[in-house]
There are 2 protein chains.
Amino acid sequence: MRPNKRDELVSKALKVFYRDGFHATGMDKLVVETGVSKTSMYKHFRTKEELILAALRLRDENFRDWFLKRIDEMAETPVEQILVSFDALKEWFEEDEFRGCMFIKAGAEFQDPDHPIHVQAAEHKQFLLDHFTSVAEQAGAQDPHKLACQIVLLQEGAIVSAVLLQHCDPARDAKDAAKKLLASALN
Amino acid sequence: MRPNKRDELVSKALKVFYRDGFHATGMDKLVVETGVSKTSMYKHFRTKEELILAALRLRDENFRDWFLKRIDEMAETPVEQILVSFDALKEWFEEDEFRGCMFIKAGAEFQDPDHPIHVQAAEHKQFLLDHFTSVAEQAGAQDPHKLACQIVLLQEGAIVSAVLLQHCDPARDAKDAAKKLLASALN
DNA sequence: GCAAAAGTTAACAGATCGGTACACTTTGAG
DNA sequence: CTCAAAGTGTACCGATCTGTTAACTTTTGC
């Protein structure tokens, strides 16, 4: 069990970064919250930025695993898979610890498009776009890439609305919109 | 011209906050970038938070003025107004200084829902939602609130996609999606 | 032209930032 | 049992953070 402490550090740091933000989380706070000594942190990661990148990689892995697995559990056909993705989002929004999308936040805190953290956030979104592009192909869409862009766009919009708007049910509204898009994209 | 320097400070600070982020912008950097002395800043605003709130108020004013005016210039009927809102967004996305939505970023950096900055960001989004709800009413939508939620959702999604996704034209895709929503929401 | 208001520079306080140094203890494989 | 790897606590570095102080200059209204 060599890299055990390292994994524990990354997964606890992930929680803190997600809850409090990147700039707002100092290394000293991480020492307290993770229970890992600063010396040890800097033995595993040369800089805070490397730790953030590792936390984002873990988040990417966790979220993709959960999201795609949940979709697979709930639906069989490609069209249904696109639709139930919004039900999965709704489950996420209703979690107590829900604090929006970590990658949108990472892109917002590190705005330079060439910054490694921004790049990694973009890659996460690109992966999801690619995934839904292939689902759209399987569904027989006329323009799979465009449909996928629209589905992802609805998902992003739902996440942002879930964070900033009240008296709305963005997951439901987005699913409803997706239904109409699918109806005309498949003819 | 009493509050001239103050307005100048707020508008220059706004640019820096928008470009570099809130936590990443220190007061000393603002002294250099705005040309206003720190003493003077703290005479106008008791804390950095108050300055951020003033910058967000100005941004809210500027963005709403520009966005709604541009929509009015481009369209006359309510339905057309909803559609051209995405053309206005496209113009914004193509600006060199485009760095995403300041309020999404504010909500991302100050995540506590009760934090004044988060609250103010949410109010901006709520205003836009209210506006498009009344446009949807004028358009004769069956469920104006739901349609407005979906339109705003598409707008938010387009903004986030414009920041994080390449090889996409989110404004066009969102407008296309809005067309289909409108077609089925109106009769 | 004069006083008050508003602005300036520059130094400073106390806290926190990311990151390092050093001496020590725990742990695990051969 | 041993020895190296891995982890610990603590003190520290220089830089930067938000915010303050004091003495001085400019602008402005009357």
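Lettering follows sequence order; numbering is per chain, from 1. All values below were derived from every heavy atom in this structure, side-chain atoms included, with hydrogens, water molecules and symmetry-related copies excluded.
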| Distance, rounded to the nearest Å, where A/Phe45 contributes CZ and C/dT20 contributes P | 15 Å
| field | side chain to side chain donor-acceptor pair (under 3.5 Å) partners of B/Lys179, counting only residues at least two apart | value | none
| field | B/Ser40 vs C/dG7: side-chain N/O to OP1/OP2 distance below 4.0 Å | value | yes
| task | Evaluate the ring planes of B/Phe98 and B/Phe93, with Trp represented by its six-membered ring, and classify them as parallel (under 30°), tilted (30 to 60°) or perpendicular (over 60°). | result | tilted
| message | Among residues at least two apart in sequence or on other chains, which ones pass side chain to side chain donor-acceptor pair (under 3.5 Å) with A/Glu137? | response | none
| query | Who passes salt bridge (Lys or Arg N to Asp or Glu O under 4.0 Å) against B/Asp72, sequence neighbours left out? | reply | none
| task | Keeping to residues at least two apart or across chains, list the ring pair (Phe, Tyr, Trp, His ring centres under 6.0 Å) pairs with something in residues 130-180 of chain A. | result | none
| request: May I have the distance from A/Arg6 (atom CZ) to D/dA5 (atom P), rounded to whole angstrom? | output: 18 Å
| task | Using a strict 4.0 Å threshold on nitrogen-to-oxygen distance, state whether B/Asp176 and B/Arg172 make a salt bridge. | result | no
| Which residues pass the salt bridge (Lys or Arg N to Asp or Glu O under 4.0 Å) test with A/Asp20, sequence neighbours left out? | A/Lys29
| task | Taking only the side-chain nitrogens and oxygens of B/His44, find out if one of them lies under 4.0 Å from OP1 or OP2 of C/dG7. | result | yes
| remark: Contacts of B/Lys38 meeting side chain to side chain donor-acceptor pair (under 3.5 Å) (sequence neighbours excluded), chain-then-number -> B/Asp28
| request: Check the distance between C/dT20's C1' and A/Arg46's CZ and give it to me in whole angstrom. | output: 14 Å
| said: Heavy atoms from C-beta onward define the side chain here; which of D/dG7, C/dT8, C/dG19 lies closest to that of B/Ser37? | reply: C/dT8
| task | Could you check which residues of residues 15-35 of chain A get a heavy atom under 4.0 Å from DNA chain D? Sort them by number, please. | result | A/Gly35
| Does A/Lys15 have any salt bridge (Lys or Arg N to Asp or Glu O under 4.0 Å) partners at least two apart in sequence or in another chain, and if so, which? | none
Table please: side-chain donor-acceptor pairs of residues 47-57 of chain B below 3.5 Å, with sequence neighbours left out.
from, atom 1, to, atom 2, distance (Å)
B/Thr47, OG1, B/Glu49, N, 3.4
B/Thr47, OG1, B/Glu50, N, 3.2
B/Lys48, NZ, B/Phe22, O, 3.0
B/Lys48, NZ, B/Thr25, O, 2.8
B/Glu50, OE1, B/Arg46, N, 3.2

| said: Rounded to whole Å, how long is the line connecting atom OH of B/Tyr42 with atom C1' of C/dA6? | reply: 19 Å
| With nearest nucleotides of DNA chain C determined for B/Val36 and A/Thr47 from heavy-atom distances, which residue corresponds to the more 5′ nucleotide? | B/Val36
| request: Find the bend of the helix from C/dG1-D/dC30 to C/dG30-D/dC1 as the angle between its two terminal axes (five pairs each), to the nearest 10°. | output: 30°
| said: Measuring to OP1 and OP2 of C/dT27, would you say a side-chain N or O of A/Lys5 lies under 4.0 angstrom away? | reply: no
| remark: Taken to the nearest whole Å, CE/B/Met41 to P/C/dA10 is 16 Å
| note | side chain to side chain contact (heavy atoms under 4.5 Å, CB included) filter on B/Glu97, not counting sequence neighbours, yields B/Glu95
| Value in whole Å for how far the C1' atom of C/dG18 lies from CD of A/Glu49 | 12 Å
For nucleotides 21-25 of chain C, print each protein N/O atom paired with a nucleotide N/O atom at under 3.5 Å, atom names and distance only.
from, atom 1, to, atom 2, distance (Å)
C/dA21, N6, A/Thr39, OG1, 3.3

